[in-house]
Engineer: 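The structure that follows is given in the form of structure tokens.
So you know, we letter chains A, B, ... as the sequences are listed, proteins then strands, and number each from 1.
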There are 4 protein chains.
Amino acid sequence: MARPRSEEKQIALLEAATEVVASVGIGAPTSVIAKKADVSEGTLFRYFPTKDDLLNELYLYLKQDLCEAMIEGFDRAAPIKERARTLWYGYVDWGIAHPTAKNALRQLSVSEKITEKTQARAAKLFPDMEAVAKICVGKGLMAKRSSAFRDAIFMALADTTMEFAANEPKEAEAYKTAGFKVLWDGMIE
Amino acid sequence: MARPRSEEKQIALLEAATEVVASVGIGAPTSVIAKKADVSEGTLFRYFPTKDDLLNELYLYLKQDLCEAMIEGFDRAAPIKERARTLWYGYVDWGIAHPTAKNALRQLSVSEKITEKTQARAAKLFPDMEAVAKICVGKGLMAKRSSAFRDAIFMALADTTMEFAANEPKEAEAYKTAGFKVLWDGMIE
Amino acid sequence: MARPRSEEKQIALLEAATEVVASVGIGAPTSVIAKKADVSEGTLFRYFPTKDDLLNELYLYLKQDLCEAMIEGFDRAAPIKERARTLWYGYVDWGIAHPTAKNALRQLSVSEKITEKTQARAAKLFPDMEAVAKICVGKGLMAKRSSAFRDAIFMALADTTMEFAANEPKEAEAYKTAGFKVLWDGMIE
Amino acid sequence: MARPRSEEKQIALLEAATEVVASVGIGAPTSVIAKKADVSEGTLFRYFPTKDDLLNELYLYLKQDLCEAMIEGFDRAAPIKERARTLWYGYVDWGIAHPTAKNALRQLSVSEKITEKTQARAAKLFPDMEAVAKICVGKGLMAKRSSAFRDAIFMALADTTMEFAANEPKEAEAYKTAGFKVLWDGMIE
DNA sequence: AATGAATGAGAATTCATTCAT
DNA sequence: AATGAATGAATTCTCATTCAT
């Protein structure tokens, strides 16, 4: 990936892509993204040599943001349930606060365009979570499953929860509580 | 009098579409689908006037199959946990047995192409599940949430479970058990 | 051209074609014409081996109708101006009475699909007119021009006249009178 | 900064379209037009977003050319018959000199593709004609008809005349004289 | 470095015509 | 003879990417 100077433009492109991908999906034309970023069609390809590159970078960019939101306020010294709850709320609240980002992320996640490599890089963005999850659910039936499975369950529950919370804002708090209960009671023996 | 329209071809098209959508996603070219179904491009449009129509029909076709698999062996008289388990295994096992179908269904589910109308028709395919789910989790915290939320949680967990079970067939049984535990312990108070 | 039995169907097809061509133009799908004629798609091609054949036959069919309308009430013994007027009103009134037929005819006339041969056959449909026109304008400047030119002028004026008369029915009579005046005063020295 | 959009190409496309539309009609494939203009298919759609847009622009382009030819040499101070004759010859001679343009214009005129808006824009191209026509035939029977009718008669006669003049170049002058006579004697009381 | 014009390989869809029934 | 399902070439239009300026 060439590294042309203006980081500003790079971010403008990623933000534009977030919006367009969220609303139109992976099939979003690069020209539309460029226009929304206030950048010429050609310039997009100076920052991201390929549309697929753009999508992969976008995936990382969004994951990054999400992860930062999740660790915020995380206290290694807190009791285990508290730590789990912090992560849970960090995740769910981020999704509610950034619906387009969340939607774009979902579109990217199911698309075949995100490479293994990108997924690997994404995992490294948040090594803490790995560790935390391990500690959180070190006992019980789940302990024997891979951490990937636990993460996936966590996310599946959180995704569902944020979806409903976003749709019915008045019930948001209730959904979040209910979702966390499923997670906790289900995963801890 | 003329050659009768063959259901065979319609199914060939749906099966072909399943495979192609599973591997390429919603953007799958109709030409590829037609070729895989061993049918001319024009014929595809005789059976499905529009690509979107094809996708919507495919969604119903797959949901239908899934639902049949789920109710199989369902016994209204069985104890509640047994009924839940039947549905759970029906769902998860179908996904493991038909990975491309399951994948295609996921692609369709997140795409904006599936109309409200289609979703309504799909819901009618499986009224039992509604009822069952209501009975299963009539108590506890979840009782206060909408049944849609419970369904969504069910599916989210099952999707995740089948994903892992399909990837590591040797561990399949363990994943299924673990997944069901999360569902049951999490949802029942 | 094969001559399958039912003349009824042949006419149904021509009538259907008239309507469809009038409203959609030469590009009208044969399938639409067949459906409007209450005949199968394949059958159309038993009556007219080719779409172009259908269009050419349609041209003749409409011209025939028009010509019959024109000669009606024609009196060889009447004074020359009267004869011209009869033709004029025959033509213009036909156009007003059968707007779709007239429109279809116009579409066909400008299309490149009508062959020389068809045009020749059309000319023979109405040999009288030839003769009449010759007599009508045997003197003056026009006498030296080809009869084809006179016919064309006649039709150009009549087409224009019927167009306006059809659009403003209340003024129809006035347009017809005005149009005939141009023809007569212009062509007779 | 980037390559400027070349008016040259736009004109090449319009000229190509003129030829192709003249010979094949409105159904002319955009691919053929693009190739004849020595431009890629994609480029055609950069200059004219839609085939219909191309056709409408072509209509204006040709009308423009025709109108310029008509006003050339027009002298407001000349006697009325002279003014009418100038327009007449301007029109007819243009048609004879540019047979393909004339033919394309006819095809466009009868097609349903030319919008009201385009027709309005075309009318503005040549406000003089309106005025002149009014003066020319301010008296007599025609005075009571709408100017649109007079214009239409003018054009119908001129179209017919140029058709014949173009086909028999040796007789061109005679046809033009004869045609003008019909116009003049017919329209002036 | 940035621009946006140019490209051409597809994409979805239509339709005249053929052919099995 | 009639039907209408099947075909596939042709059509309009889109879009990622390249390249002249």
Engineer: Write down the atom of C:Ile33, the atom of C:Leu13, and the distance for their closest heavy-atom approach.
Structural biologist: CG2-O, 3.9 Å
Engineer: Check whether any side-chain N or O of D:Tyr47 sits under 4.0 Å from OP1 or OP2 of E:dA5, and answer yes or no.
Structural biologist: no
Engineer: Report the secondary structure of DNA chain F in dot-bracket form, marking unpaired bases with a dot and bases paired to a different strand with |, and treating Watson-Crick or G-U pairs with both distances under 3.5 Å as paired.
Structural biologist: .||||||||||||||||||||
Engineer: Rounded to whole Å, please give me the gap between NZ in D:Lys35 and P in F:dT12.
Structural biologist: 13 Å
Engineer: Just how far, in rounded Å, is C1' of E:dA6 from CG of D:Leu13?
Structural biologist: 12 Å
Engineer: When you check the gap from the basic side-chain N to the acidic O, do C:Glu57 and C:Arg121 get nearer than 4.0 Å?
Structural biologist: yes
Engineer: Closer than 4.0 Å, any side-chain N/O of D:Thr43 to the OP1 or OP2 of E:dT7?
Structural biologist: yes
Engineer: Do nucleotides 12-18 of chain E as a string where each nucleotide becomes B, S or -: B if the base has a protein heavy atom under 4.0 Å, S if just the sugar-phosphate does, - if no protein is that close.
Structural biologist: SBBSBB-
Engineer: How long is the straight-line distance from CE of A:Met155 back to OG of A:Ser109, given to the nearest 0.5 Å?
Structural biologist: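 Here the rounded value is 9.0 Å.
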Engineer: Atom OG1 of B:Thr118 and atom OH of B:Tyr59: how far apart are they, to the nearest 0.5 Å?
Structural biologist: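 Rounded to the nearest 0.5 Å, the OG1-OH separation comes out at 8.5 Å.
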Engineer: Once you round it to whole Å, what is the distance between P of E:dA2 and CD of A:Glu8?
Structural biologist: 11 Å
Engineer: What is the distance, rounded to the nearest whole Å, between atom CD1 of D:Ile33 and atom C1' of F:dA10?
Structural biologist: 15 Å
Engineer: State, yes or no, whether a side-chain contact exists between B:Val110 and A:Arg106 at a heavy-atom distance under 4.5 Å.
Structural biologist: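 The answer is yes; the side chains approach within 4.5 Å.
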Engineer: Atom CG of B:Asp38 to atom C1' of F:dA6: distance rounded to whole Å?
Structural biologist: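 Those two atoms, CG and C1', are 13 Å apart.
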Engineer: Roughly how many Å is it from CZ in D:Arg5 to P in F:dT21, rounded to a whole number?
Structural biologist: 16 Å
Engineer: Could you give the distance from CG (C:Asp38) to NZ (C:Lys9), rounded to the nearest 0.5 Å?
Structural biologist: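 Going from the CG atom of C:Asp38 to the NZ atom of C:Lys9 covers 9.5 Å.
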Engineer: Taking for each residue the nucleotide of DNA chain F bearing the nearest heavy atom, is the 5' side occupied by B:Val39 or by D:Pro4?
Structural biologist: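 Looking at DNA chain F, the more 5' nearest nucleotide goes with B:Val39.
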Engineer: Show which side-chain atoms of residues 43-55 of chain D pair as donor or acceptor with protein atoms under 3.5 Å away, not counting sequence neighbours.
Structural biologist:
{"unit_1": "D:Thr43", "atom_1": "OG1", "unit_2": "D:Ser40", "atom_2": "OG", "d": "3.0"}
{"unit_1": "D:Tyr47", "atom_1": "OH", "unit_2": "D:Ser6", "atom_2": "N", "d": "3.2"}
{"unit_1": "D:Tyr47", "atom_1": "OH", "unit_2": "D:Ser6", "atom_2": "O", "d": "3.4"}
{"unit_1": "D:Lys51", "atom_1": "NZ", "unit_2": "D:Ile26", "atom_2": "O", "d": "3.0"}
{"unit_1": "D:Lys51", "atom_1": "NZ", "unit_2": "D:Ala28", "atom_2": "O", "d": "2.8"}

Engineer: Rounded to whole angstrom units, what separation is found between the CG atom of D:Leu55 and the C1' atom of F:dT11?
Structural biologist: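 The answer, rounded to whole Å, is 14 Å.
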Engineer: Any Lys/Arg nitrogen of D:Lys102 or D:Glu163 sitting under 4.0 Å from an Asp/Glu carboxylate oxygen of the other?
Structural biologist: yes
Engineer: What is the nucleic acid contact for C:Lys9, judged by heavy atoms within less than 4.0 Å: base, sugar-phosphate only, or nothing?
Structural biologist: sugar-phosphate
Engineer: Rounded to the nearest 0.5 Å, how far does CG of B:Leu60 lie from NZ of B:Lys63?
Structural biologist: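 Here the rounded value is 9.5 Å.
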